[in-house]
There are 2 protein chains.
Amino acid sequence: MREAREVTLGWRGKERIFGAEKPGLSKAMPEPKVAYCTYDGSGELLYGDNLATLRALAAKYGESVTLAYLDPPFLTNRVHHAKKKGKTLDETTELPAFDDRWTDRAAYLEALGERLVAVRELLLPHGSVVIHVDPKTSHYVKVLCDEIFGDDCFASEIVWRYRRWPSKTPNFQRVHDVLLRYRKDARHAPRWNTLYEPLAASTLATWGVNKQRAVYAESGRRARSSTTREATAGVPMGDVWDIGVIAPVARERTGYPSQKPEALLERLLQSLSDPGDLVLDPYAGSGTTLSVAARLGRRFVGIDASEVAIATATRRLSALETPSVPAYGSAVPSPSR
Amino acid sequence: MREAREVTLGWRGKERIFGAEKPGLSKAMPEPKVAYCTYDGSGELLYGDNLATLRALAAKYGESVTLAYLDPPFLTNRVHHAKKKGKTLDETTELPAFDDRWTDRAAYLEALGERLVAVRELLLPHGSVVIHVDPKTSHYVKVLCDEIFGDDCFASEIVWRYRRWPSKTPNFQRVHDVLLRYRKDARHAPRWNTLYEPLAASTLATWGVNKQRAVYAESGRRARSSTTREATAGVPMGDVWDIGVIAPVARERTGYPSQKPEALLERLLQSLSDPGDLVLDPYAGSGTTLSVAARLGRRFVGIDASEVAIATATRRLSALETPSVPAYGSAVPSPSR
DNA sequence: TTGGGTCATGAATCCGGCA
DNA sequence: TTGCCGGATTCATGACCCA
């Protein structure tokens with residue numbers, strides 16, 4: 001009775017997501033190849049279809065992942081290309097990096113749903129998934145995820161606010177992406193480290209850098225607040241993050257489309273995983289997640305089916321392990337703004 | 001065939017939304033009462049159920065609204081109270097303002113969906129709807145709206161980012177609401193005025209306050225940009241808005257729960273309506289939309305079914321029209337006890 | 001008039017205590 | 001054992017007062 005009033009997404013053929021073949025049973029499953037492995041074996045990059053690979057990982061390792069970050073295509077119905085600089089500036093070439101064309105929204109959601117179900121199998125009870133989407137797809141993905149993870153496991157909608165060159169359109173400029181976070185198990189204390197942001201200007205002006213504390217009158221009623229001697233760490237980080245897109249000339253930039261800033265992944269990994277934890281990225285792309293994981297001492301597994309992605313990520317990871325080459329960015333956590 | 005693959009929300013009893021009785025046919029429809037009307041007749045506040053009232057308005061006026069702003073309850077499953085200050089601080093009393101309890105999510109979506117269908121009937125071809133929700137409900141509401149308005153009429157997801165006191169939670173602090181904007185008709189140029197934000201600090205440092213212009217080499221390739229003599233108006237406004245919540249001691253504050261800042265409504269009205277246009281708010285509450293509409297020279301219609309809301313909004317609107325009393329007269333101790 | 005210092009209190013969220 | 005209620009936590013910000 002109650003069940004029948006659940007609100008879910010519906011389309012023809014949806015059952016495919018949940019009725020998926022069990023891991024290891026499909027004969028046609030191509031064996032994923034190890035494209036890169038760190039010197040100490042703490043991280044690897046796998047070349048192959050991510051669905052098949054996720055199922056193979058689940059069969060082999062079971063629950064082992066503390067944080068899974070998924071940066072799937074955004075249902076743009078286009079092929080995205082990687083830019084590669086030639087010797088001269090005119091010789092810049094483009095190679096197809098990934099294909100984001102779908103017969104319809106249902107096909108897109110089926111593909112993503114199957115992968116989310118497989119990722120969930122790999123999560124530890126205190127683990128999280130973060131799915132990176134845009135404001136056109138986020139709503140469908142959230143409703144789908146509520147069904148897969150349970151709406152009581154929904155933790156946060158994180159808004160990544162960036163700044164970019166404005167376009168001339170009779171509308172508010174689109175300057176944000178959305179990250180959905182789910183927990184594996186609502187009854188388990190999640191892995192969590194609180195990060196802090198700087199205080200608001202008005203707070204600094206009024207209270208300075210010391211902690212506030214409420215003061216109560218003898219009657220028990222609230223009186224004025226006072227400051228303490230103790231310095232505050234700042235305000236606990238919110239769910240709206242102001243992080244610049246990677247500038248066209250940034251050192252970090254690889255030319256791979258859809259590349260995300262390292263600062264974004266740093267925040268996620270620092271708050272949702274500890275050193276030594278296993279981080280998973282089934283849409284590894286240019287390897288930002290893996291690179292940040294390596295720098296922050298997390299173990300990692302990345303998967304991608306695109307040759308260009310594998311080449312880009314491999315190059316990036318090797319550069320990290322070669323001490324003579326400076327690593328990207330600094331390990332210093334950057335406060336917002 | 002194609003139809004069957006549409007992705008929509010499903011639940012038992014959903015057909016109610018679209019199969020609603022036609023306006024004017026229900027005998028039991030209570031006649032809405034005019035609770036307040038401006039001196040020149042350009043704005044009014046109606047006391048009654050908003051669904052019945054919207055249908056009555058549609059029958060009477062047809063398409064006439066340029067901007068509809070809806071601030072429905074957020075599915076909190078609680079009753080929300082208005083605070084009323086007594087003579088002494090101890091005498092602060094609470095009155096129930098609105099009831100946000102539902103049997104399930106489906107019931108909530110049915111109620112909202114019926115109202116959205118009725119609101120759509122009232123929109124001019126170049127009109128917009130803006131629905132204010134929180135990150136727990138926004139996704140369901142967006143999927144529902146895609147069905148009602150068509151996903152090609154989805155215009156923006158606006159993120160209202162605010163600052164508030166922190167809570168101790170092993171999660172990112174929730175510090176944003178979501179506003180969904182839809183157009184009535186994708187083939188019609190929408191009502192639109194571009195607003196501007198101040199330049200980012202980094203831009204100011206590099207470029208100063210003058211307009212940038214891209215410079216192209218003779219080959220047609222992009223060279224470095226230059227500044228022009230002309231001062232820039234700033235960056236066209238984005239879809240992430242940093243606006244403070246109404247401070248506990250602000251004049252603007254009425255004590256009504258869920259009250260929204262006037263700054264938020266100002267941005268919406270200025271960009272999505274012109275002076276003289278008709279603005280509709282079916283969940284008028286404390287009357288912020290109406291008050292801002294009156295100040296900005298827009299015509300307006302507000303509806304609410306709560307006595308406390310009607311009293312609060314009426315007080316606020318009268319204060320605006322009484323020149324001897326400073327605007328925001330709501331902060332003045334009310335004469336009634 | 002402008003500017004700095006003081007005050008009040010909130011669409012929060014967790015946790016512990018008691019039913 | 002589970003579920004509800006109240007206490008504790010401690011940032012943000014406009015109003016006000018006074019120099």
Side-chain angles (χ1 to χ4, degrees), chain A residues 155-156 186-187 189-190 192 194 196-217 219-239, chain B residues 71-85 88-90 92 94 96-101 132-138 160-178 242-264 283 285-286 288 306 308-309 326-328 330-333:
Chain A
S156 292
R187 292 158 312 184
W192 177 256
T194 305
Y196 294 88
E197 300 184 79
L199 297 174
S202 71
T203 306
L204 269 175
T206 313
W207 300 96
V209 295
N210 289 336
K211 278 190 184 169
Q212 295 174 45
R213 189 194 296 279
V215 175
Y216 292 86
S219 62
R221 287 190 45 255
R222 175 91 173 269
R224 73 182 178 291
S225 299
S226 73
T227 53
T228 63
R229 279 275 177 79
E230 220 179 326
T232 168
V235 31
M237 176 125 31
D239 57 9
Chain B
D71 185 19
F74 293 176
L75 188 47
T76 56
N77 277 319
R78 285 173 29 210
V79 176
H80 294 260
H81 296 264
K83 285 199 177 120
K84 195 187 166 90
K85 282 211 182 94
T88 73
L89 287 171
D90 285 333
T92 300
E94 298 208 336
F98 62 90
D99 191 345
D100 184 19
R101 293 172 302 179
H132 193 137
V133 278
D134 78 2
K136 272 192 191 136
T137 52
S138 72
W160 170 32
R161 189 247 163 95
Y162 48 84
R163 285 163 191 284
R164 58 163 177 78
W165 71 96
S167 59
K168 235 192 219 161
T169 163
N171 196 1
F172 305 107
Q173 306 279 326
R174 213 170 68 61
V175 289
H176 77 277
D177 276 8
V178 170
D242 223 310
I243 295 178
V245 287
I246 303 168
V249 291
R251 265 221 168 102
E252 205 184 307
R253 180 175 280 267
T254 60
Y256 194 85
S258 85
Q259 187 184 348
K260 301 297 180 291
E262 299 207 351
L264 188 74
Y283 296 89
S286 64
T288 308
S306 148
V308 181
Y328 303 136
S330 38
V332 176

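Per chain, numbering begins at 1; letters A, B, ... match sequence-line order. Worth saying up front: this structure is predicted, and the values here are computed from it rather than measured.
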Rounded to whole Å, please give me the gap between CD in Q259(B) and C1' in dG14(D). 14 Å
Does S138(B) have any side-chain hydrogen bond (donor to acceptor under 3.5 Å, both in side chains) partners at least two apart in sequence or in another chain, and if so, which? none
Can a side chain N or O of R251(B) be found less than 4.0 Å away from OP1 or OP2 on dT13(D)? no
SB check K136(B) D134(B) (cutoff 4.0 Å): no
Which pair of heavy atoms, one from P257(B) and one from F98(B), lies closest together, and at what distance? CG-CE2, 3.8 Å
If I take atom CZ in residue F98(B) and atom C1' in nucleotide dA11(C), what distance separates them, rounded to the nearest angstrom? 7 Å
Would you say a side-chain N or O of T232(A) is under 4.0 Å from OP1 or OP2 of dC11(D)? yes
Do Q212(A) side-chain and dA12(D) base share a donor-acceptor contact under 3.5 Å? yes
Taking atom P of dT10(D) as reference, at what distance in whole Å does atom CH2 of W207(A) sit? 13 Å
Readout for nucleotides 12-19 of chain C: B = base within 4.0 Å of protein heavy atom, S = sugar-phosphate only, - = neither; 5' to 3' it is BSS-----
Would you name the heavy atoms of H132(B) and F74(B) that are closest together and state the gap between them? O-CE2, 3.3 Å
Got a minute to check which stems DNA chain D is part of, using Watson-Crick or G-U wobble pairs under 3.5 Å, three or more consecutive? C:2-10 with D:11-19, C:12-19 with D:2-9
Contacts of type side-chain hydrogen bond (donor to acceptor under 3.5 Å, both in side chains), residue H80(B), not counting sequence neighbours: T76(B)
Per T206(A) side chain, nearest of listed nucleotides dG10(C), dG14(D), dA12(D): dG14(D)
Using whole Å, report how far CD of E262(B) lies from P of dT13(D). 17 Å
Between atom CG in D242(B) and atom C1' in dA12(D), what is the gap in whole Å? 13 Å
If the condition is side-chain hydrogen bond (donor to acceptor under 3.5 Å, both in side chains), which residues does S156(A) pass it with, not counting sequence neighbours? N171(B)
When rounded to whole Å, the CD to P distance for the pair E252(B) and dG14(D) reads 10 Å
Contact class for V235(A) vs. all strands (heavy atom < 4.0 Å): base, sugar-phosphate, or nothing? sugar-phosphate
First locate atom CG of D100(B), then atom OG of S258(B), and finally report the distance between them rounded to the nearest 0.5 Å. 9.5 Å
For the pair made of CZ in R253(B) and P in dG10(C), what is the distance, rounded to whole Å? 6 Å
Set of side-chain hydrogen bond (donor to acceptor under 3.5 Å, both in side chains) partners for W192(A), sequence neighbours left out: T194(A)
Is F74(B) touching bases, backbone alone, or none of the nucleic acid, heavy atoms closer than 4.0 Å? base
With sugar-phosphate meaning primed atoms plus P, OP1 and OP2, does L199(A) contact a base, only sugar-phosphate, or nothing at under 4.0 Å between heavy atoms? sugar-phosphate
Looking at the side chain of K260(B), which of dG10(C), dA11(C), dG14(D) is the nearest nucleotide? dA11(C)
Begin from the C-alpha positions of R174(B) and T169(B) and carry the test side chain to side chain contact (heavy atoms under 4.5 Å, CB included) through to its verdict. CA-CA 10 Å; R174(B) 213 170 68 61; T169(B) 163; over 6 Å; no
Spacing between D177(B) atom CG and dA11(C) atom C1', to the nearest angstrom: 8 Å
For atom P, what is the distance between dT10(D) and dG16(C), given to the nearest Å? 15 Å
Do you know the tightest heavy-atom contact between W160(B) and K260(B)? CZ3-CD, 3.9 Å
